[in-house]
Colleague: 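Please read through the structure below; I'll follow up with questions.
Below, chains carry the letters A, B, ... as their sequence lines are ordered, and counting in each starts from 1.
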Amino acid sequence: MPRYNPAEIEPRWQAYWERNKTFATSELPEPSRGGKKRYVLDMFPYPSGDGLHVGHPEGYTATDIVSRFARMRGDSVLHPMGFDAFGLPAEEHAIKTGEHPRIQTERNIENFTRQLKMLGFSYDWDRSLATTDEAYFRWTQAIFLVLYDTWFDHDQQLGRPIAELPIPNEVSMRGEAAVAAYQDSMRLAYQDDALVNWCPELGTVLANEEVVDGLSERGSHPVQRIPLRQWMLRITAYAERLIDGLESLDWAPGIKKLQTDWIGRSSGAEVDFYIGGEDSFAAWKSLRQANPLDDTPPADVLRVYTTRPDTLFGATYMVIAPEHPLVDQLTAESQAADVNAYREKASFKSDRERTEGDRAKTGVFTGSHAINPVNGEPIPIWVADYVLASYGTGAIMAVPAHDQRDFEFATQFGLPIVAVVEPPADLPGRDEVLAGRECFVGSGRVINSGPFNGQESDTVKQTITDQLSNDGLGRAAVNYKLRDWLFSRQRFWGEPFPILHELDAQGNPTGAKRPVPAEQLPVRLPELADFKPHGRPEPPLEKADDAWLYVTIDGVRYKRETNTMPQWAGSCWYYLRYIDPHNETALVDPRKEKAWMPVDLYVGGAEHAVLHLLYSRFWHKVLYDRGFVSTAEPFGKLVNQGMILGEVEFTGFQDQSGNWISARDVLRDVDGNRIDPAGNPVSSVTVDEADVEKSGDAFSLKSDPAVRIDSRAHKMSKSRGNVVNPDVVVRDFGADSLRLYEMFMGPLEATKPWSMTGVGGVRGFLDRVWRMIVDDRADDVVLSPAVVDTPCDEEQSRMMHLTIRRVTEDTDSMSFNTAIARMMEFTNYFTRCETRPREAMEVIVTLLAPYAPHIAEELWQCLCGGDITAHGCVSLRAWPQWDEAALVQSTIELPVQINGKVRGKITVAAETSEASVIASACQDERIAGLIEGKRIVKSIVVPGRLVNLVIK
RNA sequence: GCCGGAGUGGCGGAAUGGCAGACGCGCUGGAUUCAAAAUCCAGUAGCCGCAAGGCUGUGUGGGUUCAAGUCCCACCUCCGGUACCA
């Protein structure tokens with residue numbers, strides 16, 4: 001009784017593929033095969049201790065189908081897999097247990113590999129890598145040194161070697177140390193003070209994701225923000241190119257927009273406001289005319305950035321961030337106490353806290369004034385935390401009439417509001433705006449603006465900027481929301497920085513640095529006795545012994561950098577290493593890189609839409625500028641798979657005494673707890689599907705239809721207990737069923753709920769395919785007697801060719817769900833046929849091969865009589881071609897509409913002319929009756945589709 | 001608030017402006033069976049009707065068109081992201 005038994009056939013075929021290296025990729029694409037090169041890439045996983053989640057195989061199955069399909073069409077396919085293996089969980093495990101994170105990481109990688117192989121993915125496993133491999137992170141460190149050795153030439157918009165950096169005379173005059181310092185200040189990798197999350201109670205620095213509402217995630221201890229010397233990467237230099245590069249990419253428009261918004265380019269003007277007093281304003285102005293704007297503002301001005309230079313005449317006050325360097329200088333004695341108190345309060349708030357809550361504006365007057373350069377008016381300077389120190393110049397001119405935030409602030413503190421842009425005449429509330437009682441942020445005709453009155457604000461933007469520029473008072477400027485990338489972590493389990501800090505005779509750092517010589521890479525992690533935090537805010541590598549920590553080169557003593565790189569580092573370039581994973585002399589052989597890059601298809605979760613994809617594009621562009629790679633962008637086509645939710649759950653609500661409350665009446669209080677309209681707490685109860693029925697557009701209790709029940713699929717989570725484990729699915733249904741179900745659920749990019757009965761459904765399909773071909777009453781796997789060597793009849797042939805066509809087209813467009821539906825139709829049709837021609841059976845097995853490869857191999861062998869040496873395996877078989885001629889039908893059925901409603905059907909020869917189609921439509925008995933006595937106003941024939949008669 | 005995405009049977013979903021609901025789940029009936037499982041066959045949007053057939057129907061309201069799930073305008077709901085970037 002050879003029933004379809006995936007538990008037996010799947011491991012057997014996996015072993016066959018592995019033994020025969022069926023999916024090994026050649027070093028270079030093979031043009032002899034006639035196809036294209038295809039680089040099909042998955043976002044590699046973090047190998048967590050929980051193992052694979054059903055969300056992983058969704059994208060992996062999609063890319064596997066694409067890869068297998070491409071191979072069968074003769075393409076050279078590079079389809080690798082690896083592991084993003086540095087990460088916090090392994091380090092936390094190490095702190096708890098003392099086990100080296102490498103041991104746990106390797107165990108997890110082994111488990112992930114087992115699970116991935118169990119699903120039959122056609123990866124070239126010889127190319128597998130982990131970011132934690134020393135042979136891999138050696139090159140991560142090497143790339144860091146490239147960043148360190150590169151400065152950004154803004155004129156050429158190009159990253160160039162630091163040796164080519166022009167040194168200004170006044171710098172070179174001050175000697176070598178000054179030159180080195182100048183170079184350091186221009187590198188793409190540089191050091192700066194940045195705030196870290198220091199938790200004194202835990203004695204460790206925490207990552208942002210380990211801090212929740214200002215408390216540590218573990219133990220809920222207070223977390224302080226303290227400045228620490230950090231490595232930064234100058235990604236902002238590439239902001240413009242990162243925006244421009246998006247245009248050429250085949251990515252979903254939504255993702256491109258997300259990246260563009262994240263980079264957040266805005267253009268406007270920088271304007272200097274004089275803070276030296278009204279008496280000397282005129283003198284200052286004429287002096288500035290002779291000496292145009294310098295990059296660093298002189299001490300007698302407050303420089304602001306604005307996107308609305310057209311509203312300069314409406315600036316009625318100014319605001320500087322609490323951290324602005326001029327706060328002390330600008331604070332009058334009488335205000336000092338208030339300003340200091342305010343500043344101190346602001347310093348305790350994290351960026352997050354500042355923006356959370358009711359967002360009521362706070363601020364305090366400094367006691368001093370600046371002079372508006374366009375009209376000479378003195379205006380007050382305030383300190384307020386709604387202005388961020390890290391954006392623009394950290395100071396703004398406030399135009400309350402035309403900026404919502406300024407308006408709120410001005411209203412709160414009673415500052416003057418002057419409208420300078422006239423809203424369109426038909427705008428409701430126009431008079432309120434002109435009276436300064438409402439805010440208008442649009443463009444319009446400029447008023448109250450001296451010489452500019454009457455012009456359109458969009459033109460004024462330009463002319464006023466030009467004039468400021470001519471007068472040396474301002475200049476056009478561009479700003480980005482994107483900040484430089486904080487690149488160091490105070491962690492053990494990450495790549496060490498290949499940087500040495502020079503020490504003087506006393507053992508103190510001189511400030512000079514040198515890269516670890518290339519031939520000494522990798523810098524390995526030191527052996528530590530334990531992984532417990534040492535209780536100081538410095539990195540844990542400070543615990544390393546002196547042999548690791550100190551290095552002497554050419555008689556100079558150095559201390560190693562003890563920060564480590566963030567998890568993002570390894571994932572920034574792994575796609576390059578797959579091309580040449582064992583190269584010991586280069587990160588990738590340029591010849592191979594040129595042959596395989598760019599990635600043709602990249603599939604992964606949308607949660608990486610911004611950071612990972614932006615960071616790796618940035619690294620890639622630097623490598624491109626420095627000649628290591630040949631393409632300006634790494635990922636040609638990007639697809640984000642949707643999230644898979646848990647099974648749909650029905651939830652009802654009850655009060656304290658167990659009475660049902662309709663879901664419609666359940667509210668949430670300020671803390672997010674469920675309450676009834678009277679404010680009493682409500683508890684949620686899971687309701688069985690059988691006790692629920694649909695009423696209207698919602699579900700309600702069968703026993704009491706007035707009680708509404710919530711019906712929803714939730715995100716899978718351990719705490720909710722709705723996580724589906726792929727091991728269990730494979731055990732109960734087989735890997736082919738899991739693969740097929742994940743693709744059949746719906747479009748790849750959609751969010752969709754899991755359903756175990758749905759898995760049973762596709763398993764049923766595979767069972768039917770099996771029985772269509774195999775004689776399930778015989779003792780061995782032999783062909784069903786219905787499978788015959790005679791060719792298809794006309795209808796069977798049409799079905800076969802139609803299926804080839806639809807499956808080919810749907811697979812090509814990654815519409816896997818409909819491709820599977822087509823194969824189901826084929827199977828339903830041929831199962832009903834008394835005889836099933838072998839040619840059709842060979843076709844369906846071949847079409848199924850990328851989707852359900854194990855059963856396809858097994859059935860292929862059955863069709864071939866088990867002679868694998870003669871017939872090979874189906875995974876490497878040529879994809880079938882369809883014959884258009886076989887699709888043509890001699891007669892077709894056409895629906896006949898009257899006034900757009902289907903009223904009948906006619907059968908006509910395929911080649912019938914429009915006139916005779918209309919004639920036979922009118923002759924149809926039913927149609928004739930309906931049009932009798934009416935006039936046909938118009939008749940439309942859509943060839944092959946329908947006929948529509950418009951009658952009166 | 002703002003920015004995305006989505007609203008189609010009991011459920012997941014399908015549909016180049018051209019027969020709405022392919023395919024699958026579930027459900028109902030039948031065949032097979034001593035019985036069950038498995039399998040096979042038929043049916044399955046709602047309403048009216050014995051039937052033939054008719055009417056209504058793709059979140060809501062308008063519009064364009066011979067024809068709208070699909071295009072345009074306004075709105076509602078849900079999901080995801082984001083948070084004062086001057």
Colleague: Between A45(B) and A22(B), how many Å separate the two P atoms, rounded to a whole number?
Modeller: 8 Å
Colleague: What is the distance, rounded to the nearest whole Å, between atom CD1 of I644(A) and atom P of G13(B)?
Modeller: 12 Å
Colleague: Looking across every strand, which nucleic acid part, if any, lies under 4.0 Å from R806(A) by heavy atom: base, sugar-phosphate, or nothing?
Modeller: nothing
Colleague: So R265(A), base contact, sugar-phosphate only, or nothing? Heavy-atom distance under 4.0 Å.
Modeller: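 Nothing: the residue R265(A), judged by heavy atoms under 4.0 Å, touches no strand.
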Colleague: RNA chain B: stems of at least 3 consecutive Watson-Crick or G-U pairs, cut-off 3.5 Å?
Modeller: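 Stems (3+ consecutive pairs) listed as B:1-7 with B:76-82, B:10-12 with B:23-25, B:26-31 with B:39-44, B:45-48 with B:53-56, B:59-63 with B:71-75.
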Colleague: Select base, sugar-phosphate, or nothing to describe what P253(A) touches, counting heavy atoms under 4.0 Å on all strands.
Modeller: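 P253(A): no heavy atom of the nucleic acid under 4.0 Å.
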Colleague: Could you check F765(A) against T307(A) and say which one's nearest nucleotide on RNA chain B is further toward the 5' end?
Modeller: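 Result of the comparison: F765(A).
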Colleague: Work out how far the P atom of A37(B) is from that of C27(B), and round it to whole angstrom.
Modeller: 12 Å
Colleague: With the side chain of K694(A) defined as its heavy atoms from C-beta on, choose the nearest nucleotide among G10(B), A22(B), G18(B).
Modeller: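 For K694(A), the side-chain atoms sit closest to G10(B).
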Colleague: Looking at E689(A), I'd like to know if its CD atom is crowded, meaning that more than 12 non-hydrogen atoms belonging to other residues, nucleotides or ligands lie closer than 6.0 Å.
Modeller: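 Open: at most 12 neighbouring heavy atoms sit under 6.0 Å from CD of E689(A).
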Colleague: Kindly indicate, with the supporting measurements, whether the criterion side chain to side chain donor-acceptor pair (under 3.5 Å) is fulfilled by T236(A) and R483(A).
Modeller: CA-CA 6 Å; T236(A) 50; R483(A) 306 292 148 84; over 6 Å; no
Colleague: Between R926(A) (CZ) and A52(B) (P), how many Å, whole number?
Modeller: 12 Å
Colleague: With respect to the phosphate group of C11(B), does any side-chain polar atom (N or O) of K752(A) fall under 4.0 Å of OP1 or OP2?
Modeller: no
Colleague: Please give the distance between the C1' atoms of C66(B) and G12(B) as a whole number of Å.
Modeller: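 C66(B) and G12(B) have their C1' atoms separated by 35 Å.
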Colleague: C23(B) phosphate, OP1 or OP2: any side-chain N/O from N817(A) under 4.0 angstrom?
Modeller: no
Colleague: Heavy atoms only, 4.0 Å cut-off, all strands: where does E693(A) land among base, sugar-phosphate and nothing?
Modeller: nothing
Colleague: Tell me what T306(A) touches on the nucleic acid: a base, only sugar-phosphate, or nothing, going by heavy atoms under 4.0 Å.
Modeller: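 The answer is sugar-phosphate, as T306(A) gets under 4.0 Å only of primed atoms, P, OP1 or OP2.
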Colleague: Can you tell me how far P in C78(B) sits from the matching atom in A14(B), rounded to whole Å?
Modeller: 23 Å
Colleague: If you find the nucleotide of RNA chain B closest to A821(A) and the one closest to D406(A), which residue's nucleotide is nearer the 5' end?
Modeller: A821(A)
Colleague: Considering every strand and a 4.0 Å limit on heavy-atom distances, what is the contact class for R771(A): base, sugar-phosphate, or nothing?
Modeller: sugar-phosphate
Colleague: Is any side-chain N or O of N948(A) closer than 4.0 Å to OP1 or OP2 of C19(B)?
Modeller: no
Colleague: With C1' as the reference atom in both, quote the distance from G9(B) to C72(B) in angstrom, rounded to an integer.
Modeller: 29 Å
Colleague: Tell me if the NZ atom of K715(A) is crowded by more than 12 foreign heavy atoms within 6.0 Å.
Modeller: no
Colleague: Please round to the nearest 0.5 Å and tell me the distance separating atom CG of L614(A) and atom CH2 of W485(A).
Modeller: 9.0 Å
Colleague: With rounding to whole Å, what would you report as the distance between G7(B) and C55(B) at their C1' atoms?
Modeller: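 Rounded to whole Å, the distance is 25 Å.
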Colleague: As a test of reading the structure: which of G4(B), G18(B), G13(B) is closest to the side chain of K257(A), going by heavy atoms?
Modeller: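 My answer, after comparing the listed nucleotides, is G4(B).
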Colleague: Would you mind telling me which of T808(A), D810(A), T811(A), T827(A) makes a side chain to side chain donor-acceptor pair (under 3.5 Å) with R822(A)?
Modeller: D810(A)
Colleague: In whole angstrom, give the distance that lies between atom CD1 of I951(A) and atom C1' of C66(B).
Modeller: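 The distance from CD1 of I951(A) to C1' of C66(B) comes to 12 Å, rounded to the nearest Å.
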Colleague: Which part of the nucleic acid, if any, lies within contact of V942(A), taking any heavy atom under 4.0 Å across all strands shown: a base, the sugar-phosphate backbone alone, or nothing?
Modeller: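 Base contact - V942(A) has a heavy atom under 4.0 Å of at least one base atom.
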Colleague: Does C79(B) have OP1 or OP2 under 4.0 Å away from a side-chain N or O of R712(A)?
Modeller: yes
Colleague: What contact category does S266(A) fall into here, base, sugar-phosphate, or nothing, at under 4.0 angstrom with non-hydrogen atoms?
Modeller: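 Since only primed, P, OP1 and OP2 atoms lie under 4.0 Å of S266(A), the category is sugar-phosphate.
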Colleague: C23(B) and U8(B): how far apart are their C1' atoms, nearest whole angstrom?
Modeller: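 After rounding to an integer number of Å, I get 15 Å for this pair.
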Colleague: Could I get the full list of ring pair (Phe, Tyr, Trp, His ring centres under 6.0 Å) partners for Y480(A), not counting sequence neighbours?
Modeller: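 Applying ring pair (Phe, Tyr, Trp, His ring centres under 6.0 Å) to Y480(A) gives none.
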Colleague: Give K481(A) one of three labels, base, sugar-phosphate or nothing, depending on what nucleic acid heavy atoms sit under 4.0 Å from its own.
Modeller: base
Colleague: If the P atom of G46(B) is compared with that of A51(B), how far apart are they to the nearest Å?
Modeller: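 Their P atoms lie roughly 15 Å apart.
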Colleague: G9(B): syn or anti, with syn meaning chi within 90° of zero?
Modeller: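 G9(B): syn glycosidic orientation.
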Colleague: Using only heavy-atom distances, determine whether the side chains of Y851(A) and T61(A) contain a donor-acceptor pair under 3.5 Å.
Modeller: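 There is no such pair between these side chains.
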Colleague: Parallel, tilted or perpendicular: which one describes the rings of Y386(A) and F409(A), with boundaries at 30° and 60°?
Modeller: tilted
Colleague: So does P747(A) get a backbone contact from the side chain of K752(A), meaning a donor-acceptor N/O pair under 3.5 Å?
Modeller: yes
Colleague: Would you mind classifying the nucleic acid contact of R763(A) as base, sugar-phosphate or nothing, using non-hydrogen atoms under 4.0 angstrom?
Modeller: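 No contact at all - R763(A) keeps every heavy atom at 4.0 Å or more from the nucleic acid.
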Colleague: Think R945(A) has a side-chain N or O under 4.0 angstrom from the OP1 or OP2 of A67(B)?
Modeller: no
Colleague: Using whole Å, report how far CE of M743(A) lies from P of A14(B).
Modeller: 13 Å
Colleague: May I ask you to check whether over 12 heavy atoms, not counting those of E884(A), lie within 6.0 Å of atom CD?
Modeller: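 Enclosed.
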Colleague: What's the CE-C1' distance between M824(A) and C25(B), to the nearest Å?
Modeller: 10 Å
Colleague: Expressed in angstrom and rounded to an integer, what is the separation of N828(A) atom CG from C25(B) atom P?
Modeller: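 Answer to the nearest Å: 9 Å.
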